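Heavy atoms only: backbone and side chains are in, while hydrogens, waters and symmetry mates are out. This one's a predicted model, so the numbers in the text were calculated from it and none came from an experiment.
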Amino acid sequence: MSTAHAAPASRRPAAVLSDLLPGALARDAALVAGSAALVGVAAQISIPLPGTPVPVSGQTFAVLLAGAALGRTRAALGMLLYLAAGVAGVPWFAEHSSGMSMPSLGYVLGFVLAAAVVGRLAERGGDRTPLRTVATMTFGTVLIYLVGVPYLMASLHVGLDKALHLGVTPFLAGDVLKVLLAAGLLPVAWRLAGRRR
């Protein structure tokens, strides 16, 4: 008969930053709702660009941070809540929009995938060092584009070259800044959390 016992949940190492918070069920529900609200607020930090229906906004940064901080399941549920509420009429997509008629809705669909994948990578340590965080956040950003650009093409009836010109090129410099900011913030947050435990 084995005498080995699984470590109690409270003694398991945290997989993502939010695991450091107590109260599993209430915590998880609050984190899911909070991540949706965070992305909704970040979406209102929005700058329309001439010649494209896709604005510059804080959404992607909030999505990637939520993925890393919450882990795969909670982050994906938060982005599904954000998507469902926005489609149902809550005006918290970029520029206070809602519904399904926006050409940029594909990016919001991509948020669900990116949050889940970034969350999974973070659970495996993908946000513990600056270099790993850069790789994790870059991959998440690419996933958002992989869903958003084809949707943009279908919505506007344009080819790939035009969709890239409208929905990727104007945002690359900002995406680099977001990735670098995350690479500075997340490893520091882990170090601070480690000191307080």
Inter- and intrachain pairs under ring-ring contact (aromatic ring centres under 6.0 Å, His included), touching residues 81-116, at least two apart:
Tyr82-Trp92, Tyr82-Phe93
Contact between Val32 and Leu70 at the side-chain level, heavy atoms closer than 4.5 Å - yes or no?
no
Side-chain donor/acceptor of Glu123 to backbone N/O of Arg72, under 3.5 Å
yes
Closest non-hydrogen atoms of Met79 and Ala66, given as atom of the first, atom of the second and distance, are CE-CB, 4.4 Å
Heavy-atom nearest pair, Pro53 first then Pro55, reads O-CD, 3.5 Å
Arg132 side chain to Gly125 backbone, donor-acceptor under 3.5 Å
yes
For Ala135, does its backbone N or O pair with a side-chain atom of Thr138 as donor and acceptor, under 3.5 Å?
no
Using side-chain contact (heavy atoms from CB on, under 4.5 Å) as the criterion, point out the one residue from Val108, Leu113, Leu152 that pairs with Val147.
Leu113
Would you mind reporting whether Val117 and Leu121 have side-chain heavy atoms less than 4.5 Å apart?
yes
If you compare all heavy atoms of Ser35 against all heavy atoms of Gly78, which two are closest, and at what distance to 0.1 Å?
OG-CA, 3.3 Å
In this structure, would Leu185 and Leu38 fall into the same cluster of hydrophobic residues linked by side-chain contacts under 4.5 Å?
no
Under 3.5 Å, side-chain donor or acceptor atoms of residues 158-179 against the rest of the protein: list the pairs with distances, not counting sequence neighbours.
{"residue": "Thr169", "atom": "OG1", "partner": "Leu164", "partner atom": "O", "Å": "3.2"}
{"residue": "Asp175", "atom": "OD2", "partner": "Tyr145", "partner atom": "OH", "Å": "2.3"}
{"residue": "Lys178", "atom": "NZ", "partner": "Ser57", "partner atom": "O", "Å": "3.1"}
{"residue": "Lys178", "atom": "NZ", "partner": "Thr60", "partner atom": "OG1", "Å": "2.8"}

Are Arg27 and Arg74 close enough that some pair of their side-chain heavy atoms sits under 4.5 Å apart?
yes
Heavy-atom closest pair (Val118 atom, Gly67 atom, distance to 0.1 Å) is CG1-C, 3.9 Å
Cluster check Val56, Ile45: I/L/V/M/F/W/Y, side chain < 4.5 angstrom
no
Applying ring-ring contact (aromatic ring centres under 6.0 Å, His included) as the test, list every pair that has at least one member in residues 31-75; sequence neighbours left out.
none
Using every non-hydrogen atom in the two residues, find where Pro187 and Thr129 come nearest and quote the distance to one decimal.
CG-C, 3.5 Å
Begin with the C-alpha distance, continue with both residues' side-chain angles, and end with the deciding distance and a verdict on side chain to side chain contact (heavy atoms under 4.5 Å, CB included) for Thr136 and Asp127.
CA-CA 7 Å; Thr136 297; Asp127 63 339; 5.8 Å; no
Hphob cluster co-occupancy, Leu31 + Val41, side-chain heavy atoms under 4.5 angstrom
no
Between Ser98 and Pro91, which heavy-atom pair has the shortest distance, and what is it?
CB-CA, 4.0 Å
Using the rule that Ile, Leu, Val, Met, Phe, Trp and Tyr join whenever any side-chain heavy atoms are under 4.5 Å apart, tell me whether Leu131 and Leu64 fall into a single cluster.
no
